[in-house]
Amino acid sequence: SAVISQKPSRDICQRGTSLTIQCQVDSQVTMMFWYRQQPGQSLTLIATANQGSEATYESGFVIDKFPISRPNLTFSTLTVSNMSPEDSSIYLCSVFAPGGLGETQYFGPGTRLLVL
Amino acid sequence: ILNVEQSPQSLHVQEGDSTNFTCSFPSSNFYALHWYRWETAKSPEALFVMTLNGDEKKKGRISATLNTKEGYSYLYIKGSQPEDSATYLCAFSGGYNKLIFGAGTRLAVHP
């Protein structure tokens with residue numbers, strides 16, 4: 001299994017500002033994943049963060065808006081840049097790890113962001 | 001575009017009721033189907049990972065079935081308790097460590 005922590009747990013931000021979310025895993029993993037859930041919507045993958053290379057972004061997400069860092073095998077950050085109210089979401093990081101169910105995806109507790 | 005649908009969107013039941021909800025997913029390029037329970041302010045918790053057509057898995061009062069040929073999975077909760085109140089998510093995997101989630105079913109169990 002994997003234990004994941006995120007900071008901050010929640011924040012209220014003004015439009016036009018940026019917020020950096022931190023994700024810490026208790027074991028070394030090659031890939032870390034960043035998701036968001038907008039109100040009433042599905043959990044949607046933003047990007048995959050690989051240690052030692054550029055993050056891979058999903059369709060509709062760009063590096064200028066969501067820059068990601070991955071300095072080592074246990075840590076990653078996601079920045080939400082130049083925020084607008086549409087960025088109000090829950091942001092989660094996750095990793096795949098072996099566990100009692102076989103290999104499955106473990107999630108952090110999420111960062112609840114409200115943009116005014 | 002791969003689509004994962006969950007129904008109903010929300011459900012209110014009384015304590016002791018049994019309930020079930022549905023996850024529909026693409027029947028092609030199937031690798032695995034995941035079920036999660038997500039309580040407010042907590043991490044989503046993996047319940048089941050299902051890979052074989054006809055699979056049935058059980059964890060306490062919760063069980064799930066899988067039909068990969070027609071692209072659906074059912075989650076059943078027997079004798080619902082207030083602590084079962086959560087959002088239940090399913091996620092389709094076509095491989096490559098990428099999950100596509102449904103929007104979830106929000107379950108509220110009233111004492």
Side-chain angles (χ1 to χ4, degrees), chain A residues 1-11 21 23-26 29-50 55-61 89-113, chain B residues 1-10 21 23-26 31-52 55-60 62-64 66 73 75 86-106:
Chain A
S1 64
V3 178
I4 303 171
S5 59
Q6 284 185 235
K7 285 189 210 178
S9 59
R10 59 177 66 238
D11 208 341
I21 302 167
C23 178
Q24 181 77 50
V25 188
D26 68 342
V29 291
T30 307
M31 291 189 286
M32 295 176 74
F33 303 87
W34 286 99
Y35 287 84
R36 77 172 180 189
Q37 187 187 43
Q38 294 175 300
Q41 304 294 314
S42 308
L43 266 176
T44 302
L45 182 63
I46 298 170
T48 303
N50 305 295
T56 305
Y57 288 82
E58 297 299 308
S59 175
F61 298 97
S89 296
I90 303 174
Y91 292 84
L92 297 105
C93 68
S94 73
V95 303
F96 269 96
L101 300 178
E103 180 138 300
T104 191
Q105 199 160 32
Y106 293 87
F107 287 87
T111 295
R112 283 153 178 77
L113 172 61
Chain B
I1 296 176
L2 298 175
N3 216 26
V4 177
E5 302 281 347
Q6 288 188 248
S7 62
Q9 190 174 42
S10 66
F21 12 98
C23 173
S24 301
F25 54 86
Y31 183 77
L33 193 284
H34 299 239
W35 280 101
Y36 287 85
R37 173 170 58 205
W38 192 5
E39 296 178 66
T40 304
K42 295 186 178 179
S43 306
E45 173 200 358
L47 292 172
F48 304 112
V49 180
M50 309 181 80
T51 55
L52 297 176
D55 245 359
E56 182 168 344
K57 299 211 170 182
K58 191 173 179 183
K59 181 178 180 178
I62 305 176
S63 60
L66 179 69
S73 176
L75 188 81
T87 297
Y88 291 82
L89 301 172
C90 69
F92 166 87
S93 170
Y96 307 108
N97 285 338
K98 187 178 285 191
L99 297 185
I100 300 169
F101 283 84
T105 293
R106 285 186 300 281

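Treat the numbers as computed from the prediction; the structure is a model and nothing was measured. Letters A, B, ... are given to chains in the order of the sequence lines, protein chains preceding strands, and every chain is numbered from 1.
- Annotation: the span from Tyr106(A) atom OH to Glu45(B) atom CD amounts to 10.0 Å, rounded to 0.5 Å.
- At a 4.5 Å heavy-atom cutoff, the contact between Arg112(A) and chain B is made by side-chain atoms alone.
- A 6.0 Å sphere centred on NZ of Lys98(B) holds no more than 12 heavy atoms belonging to other residues, nucleotides or ligands.
- Top candidate by heavy-atom pairs under 4.5 Å with chain B, chosen from Ser59(A), Pro109(A), Gly108(A), is Pro109(A).
- Counting only heavy atoms from C-beta outward, the side chains of Thr104(A) and Phe48(B) never approach each other to under 4.5 Å.
- Contacts of Leu43(A) with chain B are made by both backbone and side-chain atoms, with heavy-atom separations under 4.5 Å.
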request  = Show the numbers, then the answer: is there a side-chain contact (heavy atoms from CB on, under 4.5 Å) between Gln37(A) and Trp38(B)?
outcome  = CA-CA 12 Å; Gln37(A) 187 187 43; Trp38(B) 192 5; 3.1 Å; yes
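- Options Ser9(A), Ser42(A), Gly40(A) differ in how many heavy-atom pairs under 4.5 Å they form with chain B, and the most are formed by Ser42(A).
- For Tyr36(B) (side chain) and Gln105(A) (main-chain N/O), a donor-acceptor pair under 3.5 Å exists by modelled atom type.
- Heavy atoms of Leu89(B) lying under 4.5 Å from chain A belong exclusively to its side chain.
- Annotation: maximal heavy-atom pairing with chain A below 4.5 Å, among Ala32(B), Ala41(B), Ala91(B), Ser43(B), occurs at Ser43(B).
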task = Applying side-chain contact (heavy atoms from CB on, under 4.5 Å), run through Leu99(B) and Tyr35(A) and close with a yes or a no.
result = CA-CA 10 Å; Leu99(B) 297 185; Tyr35(A) 287 84; 3.8 Å; yes
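- Heavy-atom contacts from other residues, nucleotides or ligands closer than 6.0 Å to CD of Gln24(A) number more than 12.
- Here the side chains of Leu92(A) and Pro44(B) are in contact, with some heavy-atom distance below 4.5 Å.
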